[in-house]
Each structure stands twice: as structure tokens, then as C-alpha cells.
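So the structure is just underneath, and the comments pick up after that.
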Number of protein chains: 2
Amino acid sequence: MKNDESKPIYTISDLAQAFDITTRTIRFYESEGLLQPQRAGQKRLYGHGDFVKLKLIVRGKRLGFSLAESKELIEMYDPQHNNQDQYQKVLEKVQESRTRLEQQKRDIETMMRELDAHEARVRHAMESLS
Amino acid sequence: MKNDESKPIYTISDLAQAFDITTRTIRFYESEGLLQPQRAGQKRLYGHGDFVKLKLIVRGKRLGFSLAESKELIEMYDPQHNNQDQYQKVLEKVQESRTRLEQQKRDIETMMRELDAHEARVRHAMESLS
DNA sequence: TCTCAAGTTGACGTTTACGTCAACGTCATA
DNA sequence: TATGACGTTGACGTAAACGTCAACTTGAGA
């Protein structure tokens, strides 16, 4: 019975500053269906839910997710959009995401090891001409 | 004194199959300066070095690296391209890469926790109407 | 010798994720 | 009242990362 989306209100430039993106980008995300802010006249007003969605989007970008993928995640988390007969599909999507993230984790560990090895090589080469 | 780039020879379609990409993509990478295969007449011939570079590129793509970034990594690993007075820069790039990967690792862990939490919510909701 | 699979080089098209610019509305305040 | 600062809606431009297509060559096998 809780009416979320109430308290903290942000302007578009608040969010732009908070996430270090442009207002143009935020409007673009809206046009792509990733955000649906309130309006006060024609001005957009963003609430906590929008803040959370944006956080998910920018984090997704750091991990190479497309906007379409982030949109899917947002919808997956959205309690409106997933009614009873979709629970199973949600669980499958959760599992897909996990699989992908695990692959990325392995990739990161491999790259880290290669970076360590390369740093060692370079340091060794530097020493051998001091 | 070791002459690398000798033994295993691949055709362009060998590599396309091995990495599940198209030959068009491989030629595109070459045109962007990421690969420089040998030629037999006008046919391209790829060696072990090219294989390794491609592996780095596709892994990079899974982590959201641009081709320009993968190219930088390839050049960083290339012993030709980094002579004495560039050692310091190489070490800085290694450190940059590490920083980025560590951020991604944190992002992954956060997302994993959120996925776990969401799965729990969904499962609970499913039970409460069995 | 024919042919067929595999490879090659342009040239052009496409999708994604925004940037840029113009033209306009709307407040708060000097 | 006018002058910014901030916001809005199109319309168009752009860079990256390929895909698609056409027109051609080349080598191995029937």
C-alpha cells in the first residue's frame, strides 16, 4: 500500500550532474522508453525510481550493456510489468544475466593476470638496462 | 632470437569459425589496424600472433571495450611498439586498465547481489500463491 | 576445361547512442 | 520589463562497428 515515487524530486539537470551525462542523453533515454518522468507543465520531474533506473543504466554501460538490454533489466525489476504468469520468465532472465556476468568475471580475471604478467616483463626489461 | 609468427597458419574462415565472427569482421579489423596478416598472393594468412590478438579483441568486446581500446591494448603488449623510453607509459596504461577492470568487478558484484535479491523476491511471491 | 568454394576489393547501407542546432516557452530577479 | 538560466521539441548530423551486395580472382577437384 506504499506510494513510492513520492519524496525526492530531481530536475533533469540534477540527474545529469549526478550521473555525469547530458540532459540530451536523459531525454533520449526517455524517448527510448527507459524512463517515464512526471511532468509539471512541460517540465520533467524525476523521482527516486528514475534515479534508480538511471543508476542501473550507467552501470550497465560500464559493463557494455546496450540500452535495449538495460531496458529489459529495468522491466524485469519492475513489479508492474511482471505478473504471475511471467514469474518463470523473470527467473530465466535472472539466470541469463548471471551467466553473462560470470563470463565477464572470468574475462576480467584473465585480463588481470595478463596485465600482471606484462607489468612484470616490462619491469624486468627496465631493470636490465639500469 | 625466436622467430614467432611461424607455425600455425589459419585462413580467414578458420578464424571466423574459431571466434564465431564473420570474415567481413576480420577484414574490418585489419582495415582498422588491429591485424596485419601475411599474404600469399592476395589471400590472407594468419599466424599464432593474429589468433592471440583476435582472442584479446573478442574478450574485450564481451567487456565492452571499443576496438580503439583493444587496439591500444594490443600495441601495449606488442614488444616492437614499446621501446625503452615508453616503458613508463606502458606501466601507466596497465594501471589504467586495472582500474577499469576493478570498477567492472565491483559493478558485477553489485548486480549479482541485486539479481539474488530479486530472485528471492520473485520466488517468495510465487510461493505465496501456491 | 569447367565449375565451384573460398577469397578479394570497393561502395553503400544500417543500427546504436548520442551531439548539435534552431526556435521557442517560463520563471526568478535586477 | 527585460534578461538570463533552465527547459522543451523537432530535425539533422555523426562515430563506431559492422552487414550487404556486386564484381572479380584463384585454386582444387570432377
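So that the names make sense, note that chain A is the first sequence line, chain B the second, and so on, each numbered from 1. The shown structure was predicted, so the numbers you read here are calculated from the model rather than taken from an experiment.
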Is it true that A:Y46 and A:F51 have ring centroids separated by less than 6.0 Å? no
The side chain of A:R44 is closest to which nucleotide in this list: C:dG7, C:dC18, D:dT9? D:dT9
Rounded at 0.5 Å granularity, tell me how far CG in B:L15 sits from CD1 in B:I26. 5.0 Å
Can you see which heavy atom on A:G64 is nearest to which on A:E69, and at what distance? O-OE1, 4.1 Å
Taking the nucleotide of DNA chain C with the nearest heavy atom to each, does A:A68 or A:K43 sit closer to the 5' end? A:A68
For B:L45 and C:dA6, what is the distance between atoms CG and C1' respectively, to the nearest whole Å? 13 Å
Quick check for you: to the nearest 0.5 Å, what is the distance between B:D107 atom CG and A:Q104 atom CD? 9.5 Å
Check the phosphate of D:dA17 against B:K61, side-chain N and O only, distance under 4.0 Å to OP1 or OP2. Yes or no? no
I'd like to know if A:K71 and A:E32 make a salt bridge, using a cut-off of under 4.0 Å between side-chain N and carboxylate O. no
For DNA chain C, which residues of residues 10-31 of chain A approach it to below 4.0 angstrom with any heavy atom? A:T22, A:R24, A:T25, A:F28, A:Y29
Quick one: closest heavy-atom pair of A:F65 and B:M111, and the distance? CZ-CE, 4.4 Å
Spacing of B:L35 atom CG relative to D:dC18 atom C1', expressed in whole Å: 15 Å
Separation of B:Q42 atom CD from D:dT25 atom C1', in whole Å? 6 Å
Measure from CD on B:E69 to C1' on D:dA17 and round the result to the nearest Å. 14 Å
A:R39 has an atom CZ; how far is it from atom C1' of D:dT8, in whole Å? 8 Å
